[in-house]
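The structure displayed is predicted, hence computed values, not measured ones. A, B, ... follow the sequence lines: proteins, then strands. Residue 1 opens every chain.
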Amino acid sequence: MSGKDRVVVGLATCGIAAGGVSVMEEIRREIKKRNLGVEVAETGCIGYCFAEVLVEIQKAGMPKVIYGEVKPNDVPLIVEGHLIEGKILRDKALLIEGRKTPEADFLKKQKRIVLANCGLIDPENIDDYIATGGYEALKKVLSGMTPEQVREEILASGLRGRGGAGFPTGQKWNLCAMAQGKDKYIVCNADEGDPGAFMDRSVLEGDPHAVIEGMIIGGYAIGATHGYIYCRAEYPLAVRRLKKAIADATSRGFLGKNILSSGYSLDIVVKEGAGAFVCGEETALIASIEGKRGMPRPRPPFPANKGIWGMPTNINNVETFANVPWIIRNRAKKFAKMGTVGSKGTKVFCLTGKVRRGGLAEVEMGTTLREVIFGVGGGIKEGRKFKAVQIGGPSGGCLPESLLDTPVDYDSLPAAGAIMGSGGMVVVDDTTCMVDLAKYFLTFTQMESCGKCVPCRLGTKRMLEILTRICKGEGKPEDIDLLEKLAIDIKEGSLCQLGGTAPNPVLTTLRYFRDEYVAHIRDKRCPAGLCVDLVTFHIDPEKCTGCGVCLKNCPSGAISGERKKPHVIDEDKCIKCRECIRRCRFDAVYTV
Amino acid sequence: MSGEIRLKIDGKACSGLKGETILEVARRNEIWIPTLCYDERLEPYGACRLCLVEVKGARGLLPACTTEITEGMEVRTSTKRIESIRRTVIELLLSDHPDDCMTCESAGSCVLQDLAYRYGVKRSPYAGETHKYGILNGNPLIERDPNKCVLCGRCVRICEEVVGAGVYGFVNRGFDAIVSTPYDHSLLDTPCLFCGQCISACPVGALTSKISKGKGRYWDVKKTDTICPYCGVGCTITLWTKENRIVNVTAPIDKGVNKGDLCVKGRFGYQFVNSPDRLKSPLVRQRDGSLKRVSWKKAVSYIAENFARIREQYGPDSIAGLASARCTNEENYVFQKFIRAAIGTNNVDHCARL
């Protein structure tokens with residue numbers, strides 16, 4: 001990075017989806033038009049997903065500023081005001097280096113190791129990565145450490161698998177290193193599929209070399225001859241950047257034959273998954289790489305002994321690999337100082353749902369849920385009340401307010417009924433029905449069940465049917481017991497962890513929000529006012545101003561009323577689409 | 001014995017060799033563990049979850065069919081937890097299975113029916129949506145009823161692992177996962193050899209023989225083990241007969257050289273036995289072209305006389321012998337010996353296939 005003034009645009013998938021490409025084009029046009037000697041660069045996800053498109057301006061003699069929610073027509077203002085006149089546009093500024101801004105907490109409360117480079121470097125430029133210390137760890141390993149020493153270092157760091165199960169990475173590497181085989185494979189599991197999870201995508205898009213460097217180090221530690229990155233095809237940008245990063249790393253001698261003249265060779269291939277959630281399960285992932293239908297098989301034998309083509313195979317998640325170079329560079333001791341007794345380092349979470357600042361949050365292990373949701377995330381949107389947080393995606397559990405002080409680590413979350421999972425954190429407020437939420441996750445797991453084992457294939461279907469009838473007000477008193485029994489049998493009887501964890505959303509909502517199930521079944525009432533079969537829509541004549549907005553927007557013509565007089569909803573015509581609730585500016589529409 | 005592994009199953013001291021599974025050792029010791037997807041001819045699969053057992057010190061329950069025994073292992077094959085899961089699995093399977101045992105071809109030899117009986121599952125508490133697939137029988141021999149399929153994958157695996165044809169595979173996901181052929185084509189348009197191995201592997205009534213349909217079920221037929229009359233391999237077969245007619249052919253998987261494997265002829269080619277076209281006595285062509293029924297004695301002496309005459313008149317090379325592949329090796333040996341030594345010609349061949 002030169003000393004020139006610099007404009008950086010966040011162009012990860014989140015930035016692109018929010019219109020980042022046209023903002024970028026506009027910036028280039030403005031700068032060209034005014035003939036400014038400013039460098040324009042793109043970067044990965046900065047983390048402030050709630051405020052995309054993000055534009056960062058680095059101007060000599062001025063603090064670094066990140067502007068949020070930038071639209072193409074804001075560009076001339078920013079270029080002229082900030083870059084030319086040197087004035088910070090305060091109303092657009094999300095973050096001003098060294099100053100207190102309302103959104104500063106989002107980054108301040110985080111501890112960024114894995115995401116350190118995300119949003120800082122140009123992910124498509126290997127020199128950017130090298131400038132931040134990239135590939136130093138690889139050099140260190142190849143020039144002065146034996147594979148055993150590398151494994152010992154990772155073991156000593158206490159790093160555990162970030163894919164969800166939390167198996168100690170050093171131990172996993174040892175198992176694979178000791179296994180015998182003509183070939184050995186090192187695989188990066190980048191098949192992130194949980195609804196609401198995008199941390200792996202952000203790392204792959206924002207700092208692909210960190211993952212590749214971690215993989216090469218891991219490959220050296222276990223004696224791998226081949227590497228695969230199994231990345232879902234739904235992440236086209238990640239796939240493109242990975243392929244470019246692999247090519248660049250190969251041309252610099254970090255990959256391929258005789259890496260950095262050490263005698264160690266490794267090639268890495270990107271294998272695109274075809275969109276099956278279950279392929280994140282390691283035995284299904286292996287089947288998929290082999291060209292078979294992605295279906296899990298019982299373990300043992302574990303992939304460490306029998307993986308791809310029956311050869312020893314080590315599979316780690318994206319985030320796990322991204323931690324490795326940092327550990328090698330900074331030593332295990334420093335890593336092990338962060339976190340709790342059983343969970344070291346940091347964890348990246350994806351804050352989504354009804355949280356005010358949704359985005360990427362990397363926090364030290366042991367941070368409480370409250371600190372993540374209210375500190376980093378800034379609490380609940382629109383001043384509503386926190387109700388629960390679903391951690392670990394469809395495999396995780398739903399925790400209530402009383403458990404907000406639970407620390408996020410591999411031991412405390414399972415004790416509460418949730419799992420660390422891959423790091424999805426979906427926050428819900430009092431407008432969410434917990435039965436409906438459980439139904440949503442079950443719909444997902446049922447759809448993604450591979451169909452191989454009976455408990456998962458048929459059990460999740462029957463659970464979903466029971467939840468559906470409860471939401472419709474057709475639940476029977478015995479349904480709760482039936483659900484609970486089925487859930488436990490599926491959990492203990494399923495072949496892989498897709499089925500083994502699929503009942504978690506139901507079990508935790510039954511544990512913490514049982515009264516909502518009872519209300520649906522016994523009183524035919526949805527406490528959150530969400531289940532359409534159980535609610536009717538009304539207009540409060542006290543609050544209604546007769547503005548007519550609801551009437552104009554009602555698609556079924558169910559609302560009538562004279563202008564400036566309270567309106568009414570005809571229950572027979574109402575299709576319960578909620579459009580009136582969304583449109584009313586006076587909070588006059590309510591459900592019963 | 002060296003390499004012997006000792007373990008306890010339900011408190012009973014058992015032993016086995018390295019590489020053997022809990023299920024194999026249990027079965028040898030007459031300890032019953034239910035299975036549905038297990039087929040001893042195939043690689044263990046671990047899908048039906050009926051054979052889950054408890055192993056002391058293991059995290060969670062383990063499938064007996066895939067778990068190899070280890071020294072000092074302590075296994076419990078039946079606990080409250082295990083039985084609850086087994087019962088749930090049966091109830092779930094029945095929740096999407098036709099209530100069709102009265103007319104099902106497989107009644108009496110159906111694993112699911114036996115399990116429901118053993119566990120006393122009359123009706124599934126998980127009644128809900130059921131599949132309504134059409135019957136697939138657009139070929140002369142094999143009928144597929146996907147409604148009865150339990151997705152144990154035995155047909156998929158036997159076709160892949162034993163036959164090598166790979167006709168079947170799983171398609172779709174979740175509740176709609178189903179066994180199908182490439183692009184849902186009829187078996188006639190796949191590499192299917194119609195060996196019927198898939199029928200032999202199906203534990204329920206999802207795959208049945210079309211030509212046996214309605215002719216007699218497991219309990220009302222007489223079963224006779226014999227040798228297949230076709231080629232010299234000599235496969236062991238079991239003839240199912242009812243009212244003195246063959247209604248089905250199966251192969252016992254624990255007997256003979258074939259261990260349950262059969263080809264299309266062995267399994268389906270039995271209709272000649274009761275065919276009205278079948279020759280039951282020798283016929284001799286008359287000068288006017290008609291055929292006359294004669295005794296075996298008369299027929300043999302007619303052949304001998306004429307062979308001798310032709311050989312005398314035109315030389316031994318004017319005679320040729322063609323033997324049938326349906327004969328055994330020994331019969332074919334004797335036949336070529338006769339042609340070479342008795343007739344004196346090398347004009348001898350074999351139809352090589354049937």
Side-chain angles (χ1 to χ4, degrees), chain A residues 165 275-279 283-284 287 292-301 442-469 476 478-479 481-483 485-500 502, chain B residues 21 36-37 43-52 54 58-68 70 81-97 112 124-131 149-153 156 160 169-179:
Chain A
F277 177 66
V278 74
C279 286
T283 57
K292 299 172 188 151
R293 176 178 160 101
M295 278 170 122
R297 61 158 175 78
R299 299 171 302 179
L442 250 292
T443 309
F444 178 83
T445 35
Q446 157 60 206
M447 208 155 63
E448 293 294 341
S449 163
C450 78
K452 180 167 173 175
C453 78
V454 181
C456 179
R457 178 182 79 242
L458 292 167
T460 56
K461 170 73 180 176
R462 298 309 175 210
M463 277 179 82
L464 179 59
E465 285 176 343
I466 297 171
L467 290 169
T468 306
R469 71 172 178 249
K476 300 170 212 158
E478 64 270 23
D479 275 351
D481 289 342
L482 201 62
L483 257 183
K485 184 189 178 308
L486 193 50
I488 292 166
D489 284 345
I490 295 170
K491 206 171 153 72
E492 293 179 10
S494 290
L495 195 163
C496 81
Q497 284 309 300
L498 194 161
Chain B
T21 62
L36 188 62
C37 69
E43 288 293 318
Y45 194 54
C48 72
R49 317 310 284 167
L50 284 166
C51 74
L52 288 179
E54 201 179 282
R59 209 176 55 170
L61 304 169
L62 296 172
C65 69
T66 61
T67 309
E68 291 183 6
T70 53
R81 283 295 324 128
I82 292 170
E83 295 304 340
S84 168
I85 292 170
R86 286 179 186 160
R87 197 183 163 87
T88 297
V89 166
I90 298 163
E91 287 171 345
L92 285 171
L93 284 170
L94 289 174
S95 74
D96 186 28
H97 194 86
L112 185 58
S124 176
Y126 306 112
E129 187 188 339
T130 55
H131 284 108
C149 178
V150 291
L151 274 85
C152 65
V156 177
E160 178 77 38
F170 292 98
V171 295
N172 302 337
R173 285 188 212 144
F175 185 60
D176 292 326
I178 186 81
V179 172

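Between B/Arg173 and A/Val278, the closest side-chain pair of non-hydrogen atoms is not below 4.5 Å. Between A/Pro455 and B/Val89, the closest side-chain pair of non-hydrogen atoms falls below 4.5 Å. For the pair A/Arg462 and B/Pro125, the minimum side-chain heavy-atom distance is 4.5 Å or more. You'll find the side chain of B/Leu92 reaches within 4.5 Å of the side chain of A/Leu486, heavy atoms only.
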**Message:** Using side chain to side chain contact (heavy atoms under 4.5 Å, CB included), reason through B/Leu151 and A/Lys452 one step at a time and then give a plain yes or no.
**Reply:** CA-CA 7 Å; B/Leu151 274 85; A/Lys452 180 167 173 175; over 6 Å; no
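At a 4.5 Å heavy-atom cutoff, A/Met463 makes no contact with chain B through either its backbone or its side chain. At a 4.5 Å heavy-atom cutoff, B/Glu91 makes no contact with chain A through either its backbone or its side chain. For A/Leu464, no part lies near chain B; criterion is any non-hydrogen pair under 4.5 Å. For A/Thr460, no part sits under 4.5 Å from any heavy atom of chain B, backbone or side chain. For chain B, the nearby parts of A/Arg457 are the backbone and the side chain; heavy atoms of each come within less than 4.5 Å.
When all heavy atoms are compared, the tightest approach of A/Cys450 to B/Ala177 is O-CB, 4.0 Å.
Ranked by heavy-atom pairs under 4.5 Å with chain B, the first of A/Arg297, A/Glu478, A/Met447 is A/Met447.
Residue B/Asp176 holds its CG atom at 7.5 Å from CD of A/Gln446, rounded to the nearest 0.5 Å. If you take OG on B/Ser95 and CD on A/Glu465, they are separated by 7.5 Å, rounding to the nearest 0.5 Å. Note that CD1 of B/Ile85 and CD1 of A/Ile488 are 10.0 Å apart. Values are rounded to the nearest 0.5 Å. Of the inter-residue distances, the one linking B/Leu52 atom CG with A/Ser494 atom OG reads 9.5 Å to the nearest 0.5 angstrom. One finds the SG atom of A/Cys453 at 10.0 Å from the OH atom of B/Tyr45 (value rounded to the nearest 0.5 Å).
With a 6.0 Å cutoff to the six-membered ring centre and a 45° limit on the axis angle, A/Lys461 does not count as a cation-pi contact of B/Tyr126.
Salt-bridge formation is not detected for the pair B/Arg87/A/Asp489: no Lys NZ or Arg NE/NH1/NH2 atom is positioned less than 4.0 Å from an Asp or Glu carboxylate oxygen.
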